[in-house]
Amino acid sequence: MIRADQLASDARVAILNSIRAHLAESALHEHAAEDRKSERAAENQPTSIALASSGPDVARSPVETFREKLEMVGGHCVVVRDEAEAARSLSRILAELQTTPLRARRIALSDAPSVSRLIKAAEIEVDELTTSPNAADLFGYDVGVTTAQAAIAETGTLVLESESERHRLVSLLPPVHIAIIKAEDICLTLGDALRYVRRGGQPGMSRAITFITGPSRTADIELTLTIGVHGPQELYVIVCM
Amino acid sequence: MTHLTSETFDANARAALTDTQLRGALRKATSLFGERRLEATKSLPNWEDLRSQARAIKDETLLHLDGYLEQFESNATQAGAQIHWARDAAEANSIVCRLARERNARLAVKSKSMATEEIHLNAALEAEGIEALETDLGEYIIQLAGETPSHIIAPAIHKTKGQIAELFVDKLGIERTSDVSKLTSTARQILRAKFGAADIGISGVNFGVAETGTILILENEGNIRLTTSLPKTHIAVMGIEKVIPSFANLEVFLKLLPRSGTGQHLTSYQSLITGTKRRPEDEGPDELHIILLDNGRSRMLARAVTRQSLACIRCGACLNACPVYQQVGGHAYGSVYPGPIGAVITPQLFGLAKAAQLPYASSLCGACREVCPVKIDIPELLLYLRAKITEGPERQEAGGGWQEEGPAKRRRLEHLAFKIWAAVMTRPRLYEWNGKLLRVFQRFIVRGGKIGKVGGVLTMIAPPLGAWTKARDLRPIDARSFRERWRETNGFGDD
Ligand code: SF4
């Protein structure tokens, strides 16, 4: 162990020293060039980055933009007025799926209270409903139901924070993912969402944050777009006003 | 195929040019990616500003790389990650192998990562008896075929679905099918079982945020999410140049990278991982190991011109835009990094001697510079490397690396040749006599009214002169010179 540790600290020191030595060499050789570079860096201080987002895309309501963008990448979006309507639309989605090869007989739920509430209200006929099944069992489920902590309108993206809910695997392993989100949690831009997730700095951040934009996809075989390679092949989002 | 064959680019390229299937596939892929990229850049009114900002962020980071790496290390450690430093490929591989051994690991699932390709991690793990399984569909295909990726973004574009079906029949024992979604779901089924059984997940890193110690990885398939959340141990291999200062910087790069690569506004998934889970009952791995890899990167910092190579975010746009890549494809470059960016970083990472033909694998048209989201001046770099090659090996090796600069040292013969040329050109009489002499001598090398590769006499007797006629003909000198004719028709001479 001592040898490994010793080696490790050697490598650290060597790399940092190499970086410093080569930067110093550069400074010596390229005084003039360096000056130009740092001026340019100063001109472009990355502070005005927030402006970058305001395109024509976000002129309409965030919910409408979100729906449009999500549908563009192959996701489905339903906008509902309240929880009762959300429950009805959830049961409609599941009933429809039950007529397809996707079956939707075994449903995995995240541990969010609103998810259990909704599923109770939805009165659906399924073989199994389990909250947070363990990882090994999750491979056998047909549908995963979760909420999302935020969304990005301009890209149709869901934002999942690991410390708000147990949804890291429920949203990933079953072939269908249904997410429920409150309209007020939809951010306009990517920049807004990034600011939202890092609120309170590192101590406040979730250890795993996942951005989800549409179903899983690949074009690795002859550039043929194929939906649902490792992740879900269907993504439904119910937006609750 | 896992060995570097960049020494033989010319021969590789020639072979690729005769492969019509490959060229068809390349044409389709590069033009599709190119069109989508253009379309996607139009969706942002301030594309050019974003490029400048991204480059400014990278420049600022690279000028203070030591500080940002230390900050990254301390914040990631604070969040429970373990940081390892690796000077070179061997050191990185031995760290991964040691971690795997200590955990009695037998199976590692891998998601696509250029850094692990660069260090040939799979081979190192397999030598230890640990199965390393690529899970990105394209990578899985080429791993089954025993090949290497031919494109940064689409590793298997050189293969037809027929070839892939053949491969699956052969190696996986499935029934023959030409249905792409069937092939995909076969891979999905097989790999899901592996994800469930894997002891270790190995990924790359797109961006490491110094401010929070977060690593960000982008993908479309979901295999990275699986790799980084199912196995108990997650190992991420990260080139030291991947660090960026602040979390807010991610916005710029998340706008540029997917648009430049595939023309998407965002890829399907981004995983932002900060250390390990807070409570043992939470989901996700127990351990996160981040390996900071140098492997020739820190010495690129020594000049502004080479330093810019480290700004690359591996989007693949320059490959698609390059008229050379479009014709010859990725394998011709004989490196894990193909295309224009490969032509400049392969010699820098692995040594000029190993890749001396690559800086010439370009027409210097500048298309790569035009599309690069971080404005890397690849043509400038190509010229710089060509100059290094011309300076000769003595200069390249001096001072422990090829970076060492000095006054250009022309080869002695070349110097002599130019001296003679100057002497002849400034003395009319000598020039005339020289012409007469050449006319006599050329009789021995002219074949069929031209000096060319047919017969190839010039190539044999004077290889440096003959090189020019390898691919084209040289007109012989006329029986009478212009001066002689002038004298005949006008009746007066100039001397
Ligand atoms: S050099 Fe530029 S265009 Fe090429 S892969 Fe890197 S970032 Fe993309």
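Naming: A, B, ... by sequence-line order, numbering from 1 per chain. Worth saying up front: this structure is predicted, and the values here are computed from it rather than measured.
Annotation: maximal heavy-atom pairing with chain B below 4.5 Å, among A:Gly75, A:Ser171, A:Ala219, A:Gly201, occurs at A:Ser171. Per-residue counts of heavy-atom pairs under 4.5 Å with chain A were compared for B:Ile83, B:Thr184, B:Leu183; the largest is that of B:Thr184. Most heavy-atom pairs under 4.5 Å with chain A: of the set B:Arg192, B:His64, B:Glu139, B:His158, this distinction falls to B:Arg192. Taking B:Asp88, B:Asp49, B:Thr135, B:Ile224 one by one and counting their heavy-atom pairs under 4.5 Å with chain A, the maximum is reached by B:Thr135. Note: A:Ile212 leads A:Thr210, A:Ile212, A:Asn17 in heavy-atom pairs under 4.5 Å with chain B. Between chain A and the options B:Leu218, B:Ile157, B:Leu230, B:Leu226, heavy-atom pairs under 4.5 Å are most frequent for B:Leu226. Chain B forms the most heavy-atom pairs under 4.5 Å with one residue out of A:Ile227, A:Leu160, A:Leu158, A:Leu173, and that residue is A:Leu173. Contact count versus chain B (heavy atoms, under 4.5 Å) is highest, among A:Leu172, A:Thr224, A:Leu223, for A:Leu172. Chain B forms more heavy-atom pairs under 4.5 Å with one residue of A:Ile15, A:Thr157, A:Ile152 than with any other, namely A:Ile15.
The side-chain heavy atoms of B:Leu272 and A:Phe211, taken from C-beta on, include a pair separated by under 4.5 Å. B:Arg278 places none of its side-chain heavy atoms less than 4.5 Å from the side chain of A:Ser206. Side chains of B:Leu69 and A:Ile19 form a contact here, defined as non-hydrogen atoms less than 4.5 Å apart. Between B:Val180 and A:Glu222 the shortest side-chain heavy-atom distance does not fall below 4.5 Å. Using a 4.5 Å cut-off on side-chain heavy atoms (C-beta onward), A:Ser18 and B:Asp294 make contact. Side-chain contact check for B:Ser43 versus A:Glu154: every heavy-atom pair is 4.5 Å or farther apart. Side chains of A:Ile221 and B:Thr160 form no contact here, defined as non-hydrogen atoms less than 4.5 Å apart. The side-chain heavy atoms of B:Glu221 and A:Asp220, taken from C-beta on, include a pair separated by under 4.5 Å.
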For side chain to side chain contact (heavy atoms under 4.5 Å, CB included), just list the numbers for B:Leu254 and A:Leu190, CA-CA rounded to whole Å, side-chain angles, deciding distance to a tenth of an Å, and then say yes or no. CA-CA 9 Å; B:Leu254 282 178; A:Leu190 173 64; 3.7 Å; yes
I would like to know whether A:Asp10 and B:Arg87 meet side chain to side chain contact (heavy atoms under 4.5 Å, CB included); could you show each step before the answer? CA-CA 9 Å; A:Asp10 282 355; B:Arg87 274 168 283 204; 3.8 Å; yes
Please report the C-alpha distance between B:Asn220 and A:Val229 in whole Å, then the side-chain angles of each, then the deciding distance to 0.1 Å, and finally whether the side chain to side chain contact (heavy atoms under 4.5 Å, CB included) criterion is met. CA-CA 9 Å; B:Asn220 278 312; A:Val229 49; over 6 Å; no
Just do the side chain to side chain contact (heavy atoms under 4.5 Å, CB included) check on B:Gln264 and A:Arg217 with the steps written out, would you? CA-CA 12 Å; B:Gln264 291 171 285; A:Arg217 61 183 60 225; 3.7 Å; yes
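For A:Ala14, the part sitting under 4.5 Å from any heavy atom of chain B is the side chain, from C-beta outward, and nothing else. With a 4.5 angstrom heavy-atom cutoff, B:Tyr140 does not touch chain A via any of its atoms. Looking at A:Leu138, there are no atoms closer than 4.5 Å to chain B (heavy atoms on both sides), in backbone or side chain. When heavy atoms are compared at a cutoff of 4.5 Å, B:Ala79 approaches chain A by way of both its backbone and its side chain. If you measure heavy-atom distances from B:Ile273 to chain A, the contacts under 4.5 Å come from both the backbone and the side chain. Only the backbone of B:Leu62 comes within contact range of chain A, judged by heavy atoms closer than 4.5 Å. For B:Leu216, no part sits under 4.5 Å from any heavy atom of chain A, backbone or side chain. Within the 4.5 angstrom heavy-atom criterion, atoms from both the backbone and the side chain of B:Asn75 approach chain A. For B:Ser185, no part lies under 4.5 angstrom from a heavy atom of chain A. Neither the backbone nor the side chain of B:Glu219 comes within less than 4.5 Å of any heavy atom of chain A. Neither the backbone nor the side chain of B:Leu288 comes within less than 4.5 Å of any heavy atom of chain A. Contact of B:Leu137 with chain A is made through backbone and side chain together, with heavy-atom distances under 4.5 Å. In this structure, the portions of B:Lys161 lying under 4.5 Å from any heavy atom of chain A include both its backbone and its side chain.
Salt bridge annotation for B:Glu73-A:Arg12: present, with a cationic side-chain nitrogen under 4.0 angstrom from a carboxylate oxygen. For the pair B:Glu251 and A:Arg198, the salt-bridge criterion is not met [side-chain N within less than 4.0 Å of a carboxylate O]. Using a 4.0 Å cut-off between charged nitrogen and carboxylate oxygen, B:Arg303 and A:Glu25 count as a salt-bridge pair.
Pairing each heavy atom of B:Leu191 with each of A:His230, the nearest pair is CD1-CE1, 3.4 Å. Shortest non-hydrogen contact noted between B:Leu266 and A:Thr155 is CD1-OG1, 3.8 Å. Between B:Tyr269 and A:Pro215 the shortest heavy-atom distance is OH-C, 4.0 Å. Of all heavy-atom pairs spanning B:Phe247 and A:Leu194, the tightest one is CE2-O, 3.5 Å. The nearest pair of heavy atoms linking A:Arg20 to B:Asp66 is NE-OD2, 2.8 Å. Of all heavy-atom pairs spanning B:Arg307 and A:Ser26, the tightest one is NH1-OG, 2.9 Å.
Atom CZ in B:Arg297 sits 14.5 Å away from atom NE2 in A:His22 (nearest 0.5 Å).
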